[in-house]
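The structure appears right after this line, and notes come after that.
Numbering of residues begins at 1 and proceeds along the displayed sequence.
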Amino acid sequence: MEKISKKNGLDGGAFLIKETEASAVFIPEEFSEEQKMMAQACQDFLDMEITPNMEEIDSMKNPDLVPAILKKAGELGLLGIAVPEEYGGLGMSFNTSMLIADIIGAAGSFSTTYGAHSGIGTLPVLYYGTEEQKKKYLPKLTNADWAACYCLTEPDAGSDANSGKTKATLNAEGTHYLINGQKMWISNAGFADFFIVFAKVDDDKNLSAFLVEKTFGGITMNEEEKKMGIKGSSTRQVFFNDCPVPVENMLSERGKGFKIAVNILNIGRIKLGAGVLGGCRTILGYAIQYSADRKQFGLSINSFGAVQAKLSEMAIRTYACESLCYRAGQDVEDRIAALEAEGMDPNKAKLKGVEQFAIECAIAKVHGSEVLDYVTDQGVQIYGGMGYSADAPMERAYRDARISRIYEGTNEINRILMVGMLLKRAMKGEIDILGPAMEVAKELTSVPDFSSADTSQPLAAEKATLRNLKKVFLMIGGKAAKDLGTKLDQEQEIMMNLADIMIEIYAAESTLLRTESLLNKNGEEAVKNHIAVTKVYLYEAVEKIQSAGKEAIMSFTKGDEQKMLLMGLKRFTKYENVNTKELRREIAASLISQGKYFFFHA
């Protein structure tokens, strides 16, 4: 298996067929002092403006409160992290914007407000706008003179966004498009001054995008939606009734709106992956503190193994999510830099860089949202009855977390997309999946090599296991593609199985590479807990891959072929016996003694 270093780089999805060196990945412990200072400024903003006002924000009794907080975020530069200085931003790197999304993730409802404004409400202008459009709108958005929203979803166009019925018709004078239609689930709509609106011009098959100012007129909206969570974020239905938009306010070209939406959603997905992290750490911190204070049977409940297992598992999954998100973020950043060095326009380079790692963006979104769901659920459980009380922090966190598996594309859609994108790239010759898959198929008919690998070095056994897990994907994915061909798209259950295998490989490998990097720098004694986390996560990944692999194999094979694939699955998912109970107890002991999640603190 080819090894990937900083010099030869890695293409999106290629982690499945290549082995990455630890020195080739970025880990969060490597953030610069400037980035840490920016993160601290963001944390200070949360501590002063958000945390003390959580209940008031969620009540929405003061309609001016959230816009005022958004304005303060703009004054601090938090709304234009990646926007060039010439347009009023800070011009910082992609991974820095990931770091800020991470911190803001602990802001509850405000994190949705922030993302809708600084992400999907601003980036389309930055990446697709004309120079005139950027100069006109970006300064207003980065300093929050104007609040932004993104109008894509319609009552009958959710995951199938390109099926939207909102229309744009050129007026007789040829000066304005008149937009008519309905949008729903529009974050920030209640106080937005600026709307990015997707509509079809006449009978076009694909959407176009338009930059709409509220003052253009013809915009009305329903009352605020009553939601399960993120109650403090404005969410409304928006109606456009002959809304006149100057022709020069079309974004990019006619019919390019769906492409804009897809590319912006790729950015939103990886940012959401990072955006759960602040919430995960905060919830875990509450759980650690509560479990120390809560007494039962004369003891703090953190002395009980069942509680320790929950605390450690919350930390393990958070560590894995951190590892894969910042690894992917730096890969995007490195690709952007390489494209710019080749002479590509910076904004096009940013889009191409993200597009190249669209698979990893989807993985970050799915993995992150499901880690957040797990962490909040276990947080409620540790609090017990108090976890169900609105007077404790877990109840709000539990409700707020649930939306993450739905927006930026449901997790089901993202799973199907990541496998579909990989297969399309393979068909185009952009990534060689077929060759390695054929090699694995040959290996199935060969005599297994039972000679024991050298496991004298730390993490050597884990590396060997990861190489074999990649063979599982190649074995099953290659066989499914060969047998089902174009019909594989219709076999969503198999696609979901393959996606689960992909996700766990990427998460486990990212976790391992991060720990190996820290091991090489700091020595084994200093990273005992990191090694324990890595061993437990990989053990769990093997279990999940075994389950998903077996389910896939049983669903499309029969007879001797099925037996051979099941034998291959068993062969490639062998992992050393791990005492997960003891490892989790070691991790929990450190969490309890330090009183917080200690692996990384932005």
Side-chain angles (χ1 to χ4, degrees), residues 45-73 78-79 101 103-121 144 147-153 155 158 183-192 221-238 268 271-272 275-283 286 368-370 372-377 379-380 383 385-408 410-411:
F45 167 75
L46 256 67
D47 294 342
M48 294 178 64
E49 305 293 342
I50 305 296
T51 305
N53 298 308
M54 282 282 204
E55 289 189 18
E56 189 176 359
I57 290 170
D58 273 10
S59 74
M60 296 193 79
K61 290 179 180 177
N62 178 1
D64 297 325
L65 178 60
V66 171
I69 294 173
L70 190 68
K71 178 66 176 175
K72 290 178 181 177
L78 298 176
L79 303 182
I103 307 300
I104 290 287
S109 298
F110 185 78
S111 64
T112 295
T113 302
Y114 174 87
H117 176 92
S118 64
I120 55 179
C149 67
Y150 181 85
C151 301
L152 177 63
T153 303
K183 301 291 182 178
M184 69 184 303
W185 306 122
I186 307 305
S187 297
N188 295 356
F191 56 86
M221 55 189 73
N222 279 1
E223 293 299 312
E224 292 287 346
E225 298 284 356
K226 298 185 184 302
K227 308 188 294 288
M228 177 194 295
I230 54 170
K231 291 179 178 290
S233 64
S234 172
T235 310
R236 293 192 177 192
Q237 291 190 48
V238 182
K271 293 285 184 69
L272 190 150
V276 309
L277 292 169
C280 286
R281 293 191 211 97
T282 300
I283 294 160
Y286 283 135
S369 61
E370 293 178 1
L372 179 63
D373 252 15
Y374 176 86
V375 169
T376 53
D377 185 72
V380 170
Y383 267 64
M386 281 303 297
Y388 214 70
S389 168
D391 292 331
M394 292 301 168
E395 183 262 355
R396 180 192 294 115
Y398 188 82
R399 289 185 293 100
D400 287 351
R402 187 58 182 85
I403 189 63
S404 296
R405 285 164 53 199
I406 297 172
Y407 58 21
E408 309 295 6
T410 66
N411 284 11

**Minimum heavy-atom distance between Ala144 and Leu70, given as atom pair plus value** = CB-O, 3.6 Å
**Request:** State, to 0.1 Å, how close Ser109 and Gly232 come at their nearest heavy-atom pair, and which atoms those are.
**Result:** OG-N, 3.0 Å
**Prompt:** Side-chain contact, heavy-atom cut-off 4.5 Å: Ser369 with Asn411?
**Reply:** yes
**Message:** Closer than 3.5 angstrom, by distance alone: can the side chain of Arg399 be matched with the main-chain N or O of Met228 as a donor-acceptor pair?
**Reply:** yes
**Message:** Determine whether a donor-acceptor pair (N or O, by modelled atom type, separation under 3.5 Å) exists between the side chain of Tyr114 and the backbone of Leu78.
**Reply:** yes
**Rounded distance [0.5 Å steps], OG1 in Thr376 versus CZ in Arg402** = 10.0 Å
**Request:** To the nearest 0.5 Å, tell me how far Ile186 CD1 sits from Gln237 CD.
**Result:** 9.0 Å
**Request:** Count the heavy atoms belonging to other residues, nucleotides or ligands that lie under 6.0 Å from CZ of Phe191, then report whether that count exceeds 12.
**Result:** yes
**Message:** Please determine whether side chain to side chain contact (heavy atoms under 4.5 Å, CB included) holds for the pair Ile283 and Met394, giving the CA-CA distance in whole Å, both sets of side-chain angles, and the decisive distance to 0.1 Å.
**Reply:** CA-CA 7 Å; Ile283 294 160; Met394 292 301 168; 3.6 Å; yes
**Asked** Given side chains that start at C-beta, do those of Tyr383 and Pro393 come closer than 4.5 Å, heavy atoms only?
**Response** yes
**Message:** Which heavy atom of Cys280 sits nearest to which heavy atom of Val375, and what is that distance?
**Reply:** O-CG1, 3.8 Å
**Prompt:** Do the side chains of Leu272 and Tyr407 get nearer than 4.5 Å, heavy atoms only?
**Reply:** yes
**Prompt:** Between Asp400 and Thr112, is a side chain to side chain contact (heavy atoms under 4.5 Å, CB included) present by the stated rule, with each step listed?
**Reply:** CA-CA 10 Å; Asp400 287 351; Thr112 295; over 6 Å; no
**Prompt:** What distance do Leu46 atom CG and Phe110 atom CZ have between them, rounded to the nearest 0.5 Å?
**Reply:** 8.0 Å
**Complete:** Only residue of Glu225, Glu223, Glu224 satisfying side chain to side chain donor-acceptor pair (under 3.5 Å) with Arg236 is Glu224
**Asked** With no hydrogens and no angle check, is any side-chain donor or acceptor of Asn53 less than 3.5 Å from a backbone partner on Glu49?
**Response** yes
**Prompt:** Do Ile69 and Ile57 come close enough that some side-chain heavy atom pair is under 4.5 Å?
**Reply:** yes
**Side-chain heavy atoms of Ile50 within contact of Ile104, under 4.5 Å** = no
**Fill in**
In short, Ala148 meets Gly121 closest at the heavy-atom pair CB-O, 3.5 Å
**Asked** Are any non-hydrogen side-chain atoms of Ser404 and Asp373 less than 4.5 angstrom apart?
**Response** no
**Asked** Is the OH atom of Tyr398 crowded by more than 12 outside heavy atoms at less than 6.0 Å?
**Response** no
**Item:** Spatial distance of atom NZ (Lys71) from atom CG (Leu79) [nearest 0.5 Å]
**Value:** 9.5 Å
**Message:** As an exercise, state the distance from OG of Ser111 to CD1 of Ile103, rounded to the nearest 0.5 Å.
**Reply:** 12.5 Å
**Item:** Polar side-chain atom of Asn188 near backbone of Thr113 as donor-acceptor pair, under 3.5 Å
**Value:** yes
**Request:** For the residue pair Glu55 and Arg396, establish whether any side-chain heavy-atom pair is separated by less than 4.5 Å.
**Result:** yes
**Ala192 versus Cys149, closest heavy-atom pair with distance** = CB-SG, 3.7 Å
**Request:** Kindly indicate whether the side chain of Val380, heavy atoms from C-beta on, has any atom under 4.5 Å from the side chain of Glu395.
**Result:** no
**Prompt:** Can you check whether Lys227's main-chain N or O pairs, donor with acceptor, with Lys231's side chain at less than 3.5 Å?
**Reply:** yes
